[in-house]
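Both ligands and their constituent atoms are indexed starting at 1 by order of listing. None of these values were measured; they are calculated from a predicted model.
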Amino acid sequence: MASRYQFAEIETKWQQRWREARLFQTPEPGERPKFYYLDMFPYPSGELHMGHMRNYIIGDVLARFKVMTGHAVLHPMGWDAFGLPAENAAIERGIHPYDWTMACIKRMREQFESLGISYDWEREVNTCLPEYYKWDQWFFLKMYERGLAYKKQAPVNWCPKCQTVLANEQVVGTACERCDTPVVKRNLEQWFLRITDYAERLLQDLALLEGWPERVRLMQQNWIGRSEGATLIFEVEGTGEPIECFTTRPDTLFGATFLALAPEHPMTLALVAGTPQEAEVRAFVERSARVSEISRASAETPKEGIFLGRYAINPVNGERIPIWTADYVLMEYGSGAIMCVPAHDERDFAFARKYGIPVRVVIQPKGGNLDGETMTEAYVGPGFQVNSGPFDGLPNDEGAEAITRFLEDKGKGRHDVRYRLRDWCISRQRYWGTPIPIIYCESCGTVPVPESDLPVTLPREVEFRPRGVSPLATAEEFVNCKCPKCGGPAKRDTDTMDTFVESSWYFLRFVSPHVNDKPFDPEAVERWMPVDQYVGGIEHATMHLLYARFFVKVLKDMGMVGFEEPFRSLFTQGMIYKDGAKMSKSKGNVVSPDEINSRFGADTGRLFILFAGPPEQDTEWSDEGVAGCSRFLGRTFRLVADNKGLLVADWRDRLNPEEQDPLVRDLRRKTHQTVRKVTEDIGKRMHFNTAVSAMMELVNTMSDFAAALQQAPTTAKAAAFSEAVESLILLLAPFCPHLADELWEMTGHEGFTYQQDWPTYDPDLAAESEIVVVVQVDGRVRDRLRLPATADTRTIRDRALASGRVIHALGGKRPRRVIVVGKRLVNIVR
Ligand code: ANZ
Ligand code: ZN
């Protein structure tokens, strides 16, 4: 009777046994090398999707592999539990965000368990609980003490109809996602973390991250966006008021034919105050305030501006140039004012042609003949200074230096470095987040909540429907408090923190999740950090990964951790597509992990995800592929179940390295080669798909072998087959742990595969088989060469000619002909 692979029973049985044995509890590292494996923790939406599944299964294979190869592994999971969707669910379904979140967590934890993932649930971290977010608040206060948290006015998206602030995700195009009303910008006082203080370190230390994909490091580098140049000081004609302009091209200073201020620049309105232009300029400023910065700065958007009727003095030659305001100048970058050189900057060129401003060439390419009157686009390449007074003739890079130095001496400029990176705005006008631990007192001003009063607990009963203010502002009992300094009546900050704050340090919490007098235990951090392998989506390449690096650097400066970088290696998995598109509910092409689980079992789902393609690449979902994986596991199950009677427990003692039976030699070679391949594919390359193919090949070889064994059993065959079966089960264990444990038990073993040593291979046994090639010189056998079976004709020929005996037989003559016959014979004719 053929045996059947009853995956549902098997999976439930082993999940329960693992749970009862507390199998995945994190050990103390002790003597063993530690390995901290971290998955990006999910937002508890209530539903695991395929993208999650791929992420977490990749991690589970690695974590299990590391355990079996002798590491003490930390493999935790938790919940990034604050955020907008919980609030929306509350508004739409009338469920409290807390209850909704906790129900989602419960359901997702079950999903994780039904996939057989080896998390240590005793270390679960949930960011929406006060025991966690208390430390967000504590970190905030520490940053505040160090001057790294500060408040300033900053624009938010505002829907005039809903009377509420919208998160960027709630703005569709330029309209409110709920009511389609065009969104406007509104200025609010908000809290910022001074990540820009760390820009240079965040940039420099990218070099330490050898285990990160080049692509991600580049994305961070661009995000930080370091520009080197100079800040030059122009003066307003008449008043002498300075206007600072940041430029990357001080070499082009003689070509500056106008100066442009951002509409929001404080001098824009000041310069026209009381003049006839004032009303027009004011309208312009208001209009551009509504347009997003991205579209204002884009090369495609037509540039708008107004001449302010005033002039500035060029610091290098005293020339008088008009001052404009222009929408393509952003207040948030550099100094919000620029010197404009139409001949050598595309945007300045478009603007100058539109408004009839002169274009003056000051950099000529070698042998060039550019003319400002006739040129049709800016020249942005290198060249030599022209029309630049004493600097004429210099190559422009030297010109840049010389002009900067010249102005430095006159106190009119300085060498300067600017970053695209902005300070991190963490205020959110939302309910479902960490309250900002700040109190406002009429007499004492801004007062931080004393550490001993933490956590500032998020109140449960709050009206979170849009009201035009932060939801917390409606909770009187929360808002009104006593000033910690003077005891007088005071009010709390009613914003909550960006959820990226929680995810900036959760990996530190996992090492000691239950300490309650500090955010983490420094000794545990010392033992486990940094994370050895971090795996997640490429969408976190900049914000999350940069914020986490920033937090750790701040903690380093506070003396709380001893390292600069939290994540030694990073892996970003590709997406899973269905029918050529990203899986999404609206497209109706979602395959849920639950569905695969119930139809084929978790092990099949796991295997398919790993087999579908290289994990860093996008992959297409294939029902065919799933069915194929399911058949493979069925075949594997039957192979073991139907032949278990032939297995011998003491196979190690019965195997003879000198064994001559070619069938036995071939099987052992295949076994050892597969062990080598799977070990290297997982451990060195994360090429799970090729590891799975190798196991499939092994199963094919074993099936043929089993037939031969049944027909003519010998001790040697039984031992070799037993070795193959045991190795296969252990190799399969990280991929399909339920089936592996079932087969492990079925073949008479104790315990779990998770606790076994990873199989090792013997390189000699794994070596390709050899061939013996006979070499004749003029018809007489002169040598027999042992070569790898893979040797090609050319190799065989070269090796034959290199043989000492052949050289001797040739007696110093060059052979006239060399004929290689198959892989057996080489005929050399003198
Ligand atoms: C004069 C100039 C001449 C410039 C030239 C470029 C070419 P990156 O590399 O991105 O740092 N700029 C400076 N601040 C700006 C702001 N707030 N809004 C819009 N543009 C701004 O670019 C720096 C260059 O972008 C600066 O160098 C400045 O234009 C412009 F042939 O100054 B340049
Ligand atoms: Zn006070």
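Protein residues having at least one heavy atom under 4.0 Å from any atom of ligand 1 are Ser227, Phe246, Thr247, Thr248, Arg249, Thr252, Tyr328, Val329, Leu330, Tyr333, Ile338, Met339, Val341, His344, Asp345, Arg347, Arg420, listed by chain and number.
Residues Phe140 and Trp191 place their aromatic rings such that the two centres sit under 6.0 Å apart. Between Trp424 and Phe192, a ring centre-to-centre spacing not shorter than 6.0 Å is recorded.
Ion pairing between a basic and an acidic side chain is recognised when a charged N comes within 4.0 Å of a carboxylate O; Arg568 and Glu210 show no such pairing.
Under the side chain to side chain contact (heavy atoms under 4.5 Å, CB included) criterion, Ala312 pairs with Phe234, Leu259, Ile321, Ile323, sequence neighbours left out.
Relative orientation of the Tyr506 and Tyr534 rings is tilted, given thresholds of 30° and 60° on the angle between their planes.
Remark: Arg549 is not positioned above the aromatic ring of Phe567, lacking an NZ or CZ atom under 6.0 angstrom from the ring centre and at most 45 degrees off the axis.
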